[in-house]
Trainee: 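Right, I'll just put the structure down here and ask away after.
The first residue of the sequence shown is numbered 1, and numbering continues consecutively from there. Everything numeric in this text was worked out from a predicted model, so none of it was measured.
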Amino acid sequence: MKALTKNLMLFAVFFFMGDIVFRYSLSDFIESRSFNLIWLIAVIYFFFNFFIGWFFGKRDYESIPLNDIGFRFHFITYFLFNVVSVLWFSFGFNSHFESIRIVYITALFWGIGLLIHFIFYLIERKNSINGLNKEDIFE
């Protein structure tokens, strides 16, 4: 089965670009202590990611109706966000008011959530054949 689909890759590209913009804006607003703008960019970032996840996730399901309850998209999001965040600090692009510790804490708790999602994914996978819902195959 093909796990890396065209829609998942497009989602990853758009998410990566949005993550770079978010990280830049976040560091800039923290540096200038523009706390209202931090909230604004966080809300915009949330809705941007929700929209691209919904758009590409729906297109992905329509092209190949995989029964994976969005785990692939969740994993790509987790991986890209944390890689960009760690590299952001490694290259010194962060504000001097930011600490990489918060990135590690976020990765830890999000990782726990991802692990729980993975468990649900494994349970759901048992109810499918090659990732397709049994009810969709045998009508």
Trainee: Out of curiosity, Ile105 CD1 to Ser99 OG, how far, rounded to the nearest 0.5 Å?
Mentor: 8.0 Å
Trainee: Using the rule that two of Ile, Leu, Val, Met, Phe, Trp, Tyr join whenever any of their side-chain heavy atoms come within less than 4.5 Å, decide whether Ile30 and Val86 are in one cluster.
Mentor: no
Trainee: Please determine whether side chain to side chain contact (heavy atoms under 4.5 Å, CB included) holds for the pair Leu114 and Phe71, giving the CA-CA distance in whole Å, both sets of side-chain angles, and the decisive distance to 0.1 Å.
Mentor: CA-CA 8 Å; Leu114 185 65; Phe71 179 74; 3.7 Å; yes
Trainee: Anything under 30° is parallel, anything over 60° is perpendicular, the rest tilted; go ahead and classify Phe55 against Phe51.
Mentor: parallel
Trainee: Between Phe14 and Phe56, is the ring centre distance below 6.0 Å?
Mentor: yes
Trainee: Return the minimal non-hydrogen interatomic distance between Ser95 and Ser27, and the atom names on each side.
Mentor: CB-O, 3.5 Å
Trainee: Quick check on the hydrophobic clustering: are Val103 and Phe15 connected, directly or via other members, by side-chain heavy-atom contacts under 4.5 Å?
Mentor: no
Trainee: Would the number of heavy atoms belonging to other residues, nucleotides or ligands and lying under 6.0 Å from CZ of Phe97 be above 12?
Mentor: yes
Trainee: With hydrophobic residues grouped by side-chain heavy-atom distances under 4.5 Å, do Tyr78 and Leu87 end up in a single group?
Mentor: yes
Trainee: Assign the ring pair Phe93 / Phe91 to parallel, tilted or perpendicular, where the plane angle (0 to 90°) is split at 30° and 60°.
Mentor: tilted
Trainee: I would like to know whether Phe81 and Phe22 meet side chain to side chain contact (heavy atoms under 4.5 Å, CB included); could you show each step before the answer?
Mentor: CA-CA 10 Å; Phe81 180 83; Phe22 172 72; 4.2 Å; yes
Trainee: Side chain to side chain contact (heavy atoms under 4.5 Å, CB included), that's the test. Do Phe11 and Met9 meet it? Break it down for me.
Mentor: CA-CA 5 Å; Phe11 168 79; Met9 296 308 294; over 6 Å; no
Trainee: Nearest 0.5 Å, please: how far is OH in Tyr61 from OG1 in Thr5?
Mentor: 14.0 Å
Trainee: Rounded to the nearest 0.5 Å, what separates atom CG in Leu8 from atom CG in Asp60?
Mentor: 6.5 Å
Trainee: Tell me whether the rings of Tyr24 and Trp88 are parallel (<30°), tilted (30 to 60°) or perpendicular (>60°).
Mentor: perpendicular
Trainee: Could you state the interatomic distance from OG (Ser85) to CG (Asp19), rounded to the nearest 0.5 Å?
Mentor: 5.5 Å
Trainee: In terms of hydrophobic clustering (I, L, V, M, F, W, Y; side-chain heavy atoms under 4.5 Å; direct or indirect links), are Leu40 and Val43 co-clustered?
Mentor: no
Trainee: Nearest 0.5 Å please: distance from the OG1 atom of Thr106 over to the CD1 atom of Ile100.
Mentor: 11.0 Å
Trainee: Taking atom CZ of Phe16 as the centre, report whether more than 12 heavy atoms of other residues, nucleotides or ligands fall under 6.0 Å from it.
Mentor: no
Trainee: Is there a side chain to side chain contact (heavy atoms under 4.5 Å, CB included) between Phe48 and Val21 once you walk through the steps?
Mentor: CA-CA 11 Å; Phe48 172 75; Val21 171; over 6 Å; no
Trainee: Tell me whether Phe89 shares a hydrophobic cluster with Leu26, the cluster being built from Ile, Leu, Val, Met, Phe, Trp, Tyr side chains joined at under 4.5 Å.
Mentor: no
Trainee: Does any N or O in the side chain of Asn49 come within less than 3.5 Å of the main-chain N or O of Tyr45, such that one atom is a donor and the other an acceptor?
Mentor: yes
Trainee: Let me confirm one number: the CG-OH distance from Asn82 to Tyr104, rounded to the nearest 0.5 Å.
Mentor: 10.5 Å
